[in-house]
Amino acid sequence: MRILAIESSADDSGVALVEAVGKFGDDFRFSVLANEIASQHHEEYGGIYPNVAKKEHQKNLPILYEKIRAQHPEKPDVIAVTTHPGLEPCLWAGITFAQKLAEQWGVPVVAVNHLEGHIVMSMMKFQTNEIRQHSHILGYVGMSGRLHHFDFPVLSLLISGGNTQLVLSKEPLRYEVVGRTRDDAAGEAFDKVARMLSLPYPGGPHISRLAAASREHHEMSSHGVRLPRPMLHEDNLDFSFSGLKTAVLRMVEAHKPLSDDMKKAIAREFEDAVADVLVGKTLLAVEQCGVNTVITGGGVSANAHIRGRLANALSDAGVKFFVCEPALSTDNALMIALAGYFRAQAGEYTDAAHLRADGSLSLA
Ligand code: KG4
């Protein structure tokens, strides 16, 4: 089956073309025919303005699609489009475009949950003999893959700019949210703290860079910087990041003007605090849900320190851990094509005229 996928839930416009065969399991195989992405730059706003982002998607999606069509003029079998969750005006830009393509080609449409896209992406394993240098820059085009080997139940830790959730799957493609943030998402906290430290948006990679610089210099003192680990010792699977953000704000106010060393120390302690909470809650969920496999996905899972901490803690606990490569952790249409394939295979098509954007709909 050839899937043409559209992603536009936040500030990345993506179009991908994937060929896939087999059922969810050992006989599943896919190859990436095309994977185009256009990232918007909202630095000057310190965040995304949905209506500005929508216009960008309207401009970008046709350009990306035409680029793909020039190389692959054949008819796709299905159009997959992200319909939820995300910023509604942005989602609508993708939906409208998908409707147009479905009509032009006369093919059916599947509505894809963006969060399922992140989870499914991290379940995939590329053929290692094909992992080529710079494949991340080329969007993994020409590469093929399959599913990692694992058994259900599986726990997924979703950490992105809009969501932070622990999700239990007792069987393939079924989801039960067992823990969620009560306020800010982990990525949102990274972005807000970055802003307090006068770093560009999106803040995650910038905080990570400063934190790494601080860790490199072991001799560098922590400058007495200590932040809370919200809800870490509570016996539930929920998260809260807004108190942590407020604690950073107080610290920034108290030490103004911030020296470069102080900025690095705050970035490091903040990243450590987020990692401690994510690791602690994931281990608690592993125990409570009785799982042997953990998957993580979403923009924050691109963070090297957090990936490393999760990998170590889960390896110590004897639990399998899968996360996709950083370049595929943030939003892309490849993950929408893969999740869309499984939905299409299950016959879950939606009448194109009835597609609707739902900003808040979560997995479950
Ligand atoms: O999944 P994603 O690309 O978009 C949605 O939320 O839909 O996630 C974006 C988020 C942003 O908040 C960004 O700051 C964060 O992921 N992020 C990171 C890193 N790279 C991206 N956070 C921490 N460390 C990173 N290396």
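Just so you know, ligand 1 is whichever comes first in the structure, and atom 1 is the first atom listed for that ligand. Owing to the predicted nature of the structure, the values given are computational and were not obtained by experimental measurement.
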Requested in this report: Mind running salt bridge (charged side-chain N to carboxylate O under 4.0 Å, His left out) on D276 and R309 for me, showing each step along the way?
Outcome: CA-CA 8 Å; D276 282 348; R309 290 279 316 276; 2.9 Å; yes
Query raised in the report: Do any nitrogen or oxygen atoms of P202 come within less than 3.5 Å of a nitrogen or oxygen of ligand 1?
Result: no
Report task. May I have the step-by-step check of side-chain hydrogen bond (donor to acceptor under 3.5 Å, both in side chains) for Q127 and S144, ending in yes or no? Result -> CA-CA 6 Å; Q127 298 302 110; S144 54; 5.0 Å; no
**Report entry** Heteroatom proximity flag, G162 to ligand 1, N/O under 3.5 Å
**Finding:** yes
Report task. Look at the side chain of D238 and the backbone N and O of G179, then say whether any donor-acceptor pair between them is shorter than 3.5 Å. Result -> no
Query - S122 side-chain N/O to C324 backbone N/O, donor-acceptor pair under 3.5 Å - result: yes
Query - Proximity flag S9 to ligand 1, non-hydrogen atoms under 4.0 Å - result: no
**Report entry** Identity and separation of the nearest protein heavy atom to atom 18 (C) of ligand 1
**Finding:** G204 CA, 3.5 Å
Requested in this report: Please write down residue, atom name and distance for the protein heavy atom closest to atom 1 (O) of ligand 1.
Outcome: G299 N, 2.9 Å
Query raised in the report: Which atoms of ligand 1 have any heavy atom of G203 under 4.0 Å away?
Result: 14 (O)
**Report entry** Lys/Arg N to Asp/Glu carboxylate O, E269 vs R229, below 4.0 Å
**Finding:** yes
Query raised in the report: Looking at ligand 1, does any of its N/O atoms fall within less than 3.5 Å of an N/O of D331?
Result: yes
Query raised in the report: Salt bridge between E66 and R69, side-chain N to carboxylate O under 4.0 Å?
Result: yes
Query - Polar side-chain atom of E88 near backbone of G359 as donor-acceptor pair, under 3.5 Å - result: yes
Query raised in the report: Between the side chain of N60 and the main-chain N/O of S13, is any donor-acceptor distance below 3.5 Å?
Result: no
**Report entry** Min heavy-atom dist H118 to ligand 1 below 4.0 Å
**Finding:** yes
**Report entry** N303 N/O to ligand 1 N/O under 3.5 Å
**Finding:** yes
Query raised in the report: Ignoring hydrogens and geometry, is there a side-chain-to-backbone donor-acceptor pair from N303 to I306 under 3.5 Å?
Result: yes
Requested in this report: Using a strict cut-off of 4.0 Å, indicate which atoms of ligand 1 neighbour a heavy atom of G161.
Outcome: 5 (C), 6 (O), 8 (O), 9 (C), 10 (C), 12 (O)
**Report entry** ligand 1 N/O within reach of A10 N/O, cut-off under 3.5 Å
**Finding:** no
Requested in this report: Would you mind running through ligand 1 and noting each atom that sits below 4.0 Å from a heavy atom of H114?
Outcome: 7 (O)
Query raised in the report: Any idea which atoms of ligand 1 are less than 4.0 Å away from a heavy-atom of G187?
Result: 12 (O)
Report task. Specify side chain, backbone, both or neither for D191, according to which of its non-hydrogen atoms lie closer than 4.0 Å to ligand 1. Result -> side chain
Report summary line: One finds that the ligand 1 atoms under 4.0 Å from a non-hydrogen atom of T330 are 3 (O)
Report task. Apply the test salt bridge (charged side-chain N to carboxylate O under 4.0 Å, His left out) to residues E103 and K100: give CA-CA distance (whole Å), side-chain angles for both, the deciding distance (0.1 Å), then the verdict. Result -> CA-CA 5 Å; E103 196 185 309; K100 212 171 81 187; over 6 Å; no
